Amino acid sequence: MDELNLDPSESTATDFEQPPLPLLSKEPRLYPGCCLSLSAPLLSHLCSLLPPAPSLSLSIGSGYGLLEALLVSHGRRVIGIEVSPSSNRYLPPDSHRTVYGSRALDPLANTAKAWLLVYPRRAALLDEYLHTHGKGDVERIIWAGPAADWEDYANCFRPAWRVLVQTADEVGGRAWEIVAVASKK
């Protein structure tokens, strides 16, 4: 695996202490630092979409890393990517990498089997990842965010990907959120 791109101001393995993970209920709810409403059924659904460890999943724009840490606690190997300086609180240094800016790509995307984008900010970033690393090992991309934003991202997947779109309330989330799963054709 590539060396971590941590800047010196970020925690190291010796001083990282993960905050306690919340115990999710059946009902979706918002947690500080996570835009997506989380529930036990939604977490189970996302786990079913990601490959089990040792296969790698990359979360592009992981923020605080809460969702990613929950996925790791359920047997998934997820590395979160965030812009430096990162707001990461939940992912240990070996599960977290930084890029220098919002237009930078992490080369680990080329070897990850799955990408996760939760409430991404720019459709162009997904286009750039697909253009640069989409012919790599990635087999599945999971996009989760507000239904109002989905159309901005839908075209990124045409024509090379099959996309299944569900409202998040079908899988344990909120009705105004979408979970889209793109698989290579």
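Predicted, not measured: the structure shown is a model, and the values here were computed from it.
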Participant: Take a 6.0 Å sphere around NZ of Lys184 and say whether it holds more than 12 heavy atoms from other residues, nucleotides or ligands.
Facilitator: yes

Participant: Could you measure the distance from the SG atom of Cys156 to the NE2 atom of His131? Nearest 0.5 Å is fine.
Facilitator: 13.5 Å

Participant: Roughly how far, to the nearest 0.5 Å, is OG of Ser44 from CG of Leu49?
Facilitator: 11.0 Å

Participant: Checking side-chain hydrogen bond (donor to acceptor under 3.5 Å, both in side chains) for the pair Tyr119/Glu177: CA distance, chi angles, key distance, verdict?
Facilitator: CA-CA 9 Å; Tyr119 273 73; Glu177 295 173 323; 2.7 Å; yes

Participant: Does Gln18 have more than 12 heavy atoms from other residues, nucleotides or ligands lying within 6.0 Å of its CD?
Facilitator: yes

Participant: What heavy-atom pair brings Leu91 and Ala69 nearest, and what distance separates the two atoms?
Facilitator: CD2-N, 3.8 Å

Participant: Is there a continuous path of hydrophobic side-chain contacts, each under 4.5 Å between heavy atoms, that joins Tyr153 to Leu130?
Facilitator: yes

Participant: Quick check on the hydrophobic clustering: are Leu71 and Leu58 connected, directly or via other members, by side-chain heavy-atom contacts under 4.5 Å?
Facilitator: no

Participant: Looking at every heavy atom in both Pro41 and Gly172, which two are closest together, and how far apart are they?
Facilitator: CB-CA, 4.0 Å

Participant: Kindly determine whether Tyr64 and Ser87 satisfy side-chain contact (heavy atoms from CB on, under 4.5 Å), including the steps that lead there.
Facilitator: CA-CA 5 Å; Tyr64 276 33; Ser87 58; 3.6 Å; yes

Participant: Please give me the minimum heavy-atom distance between Val163 and Ala182, naming the atom from each residue.
Facilitator: CG2-CB, 4.0 Å

Participant: Of the non-hydrogen atoms in Leu24 and Ser39, which two are nearest, and what is the gap between them?
Facilitator: CD1-O, 3.5 Å

Participant: Quick one: does any side-chain atom of Arg77 pair with a main-chain N or O of Pro54 as donor and acceptor, under 3.5 Å?
Facilitator: yes

Participant: If you look at every heavy atom in Tyr31 and Pro22, which pair is closest and at what distance?
Facilitator: CE2-CB, 3.5 Å

Participant: Quick one: pull up CD in Glu82 and OG in Ser102 and give me the separation to the nearest 0.5 Å.
Facilitator: 10.0 Å

Participant: Would a single hydrophobic cluster contain both Leu30 and Leu43, if residues Ile, Leu, Val, Met, Phe, Trp and Tyr are joined by side-chain heavy-atom contacts under 4.5 Å?
Facilitator: no

Participant: Please verify the inter-ring angle class for Tyr129 with Trp115; under 30° counts as parallel, over 60° as perpendicular, anything in between as tilted.
Facilitator: perpendicular

Participant: Distance check, rounded to the nearest 0.5 Å: His45 atom NE2 versus Leu50 atom CG?
Facilitator: 9.5 Å

Participant: For Leu164 and Val179: C-alpha separation, side-chain torsions, deciding distance, then whether side-chain contact (heavy atoms from CB on, under 4.5 Å) applies.
Facilitator: CA-CA 8 Å; Leu164 170 66; Val179 175; over 6 Å; no

Participant: Take atom CZ in Arg122; do more than 12 heavy atoms of anything else shown fall under 6.0 Å from it?
Facilitator: yes

Participant: Find out if a path of hydrophobic residues (ILVMFWY) with successive side-chain heavy-atom gaps under 4.5 Å connects Leu21 to Leu116.
Facilitator: yes

Participant: Would you kindly confirm whether Val171 and Val118 end up in one hydrophobic cluster when ILVMFWY residues are joined by side chain heavy atoms under 4.5 Å apart?
Facilitator: yes

Participant: I would like to know whether Arg89 and Leu66 meet side-chain contact (heavy atoms from CB on, under 4.5 Å); could you show each step before the answer?
Facilitator: CA-CA 8 Å; Arg89 300 288 176 266; Leu66 174 58; over 6 Å; no

Participant: Report yes or no: does Arg97 contribute a side-chain atom to a donor-acceptor pair with the main-chain N or O of Ile79 at less than 3.5 Å?
Facilitator: no

Participant: Can you see which heavy atom on Lys185 is nearest to which on Arg162, and at what distance?
Facilitator: CA-NH1, 3.4 Å

Participant: Dump the intermediate steps for side-chain contact (heavy atoms from CB on, under 4.5 Å) on Ser62 and Ile81, then the final yes or no.
Facilitator: CA-CA 6 Å; Ser62 57; Ile81 306 298; 5.5 Å; no

Participant: Just by distance, do the side chain of Arg76 and the backbone of Cys47 share a donor-acceptor pair under 3.5 Å?
Facilitator: yes

Participant: For Pro28, is there any backbone N or O sitting under 3.5 Å from a side-chain donor or acceptor partner on Arg174?
Facilitator: yes

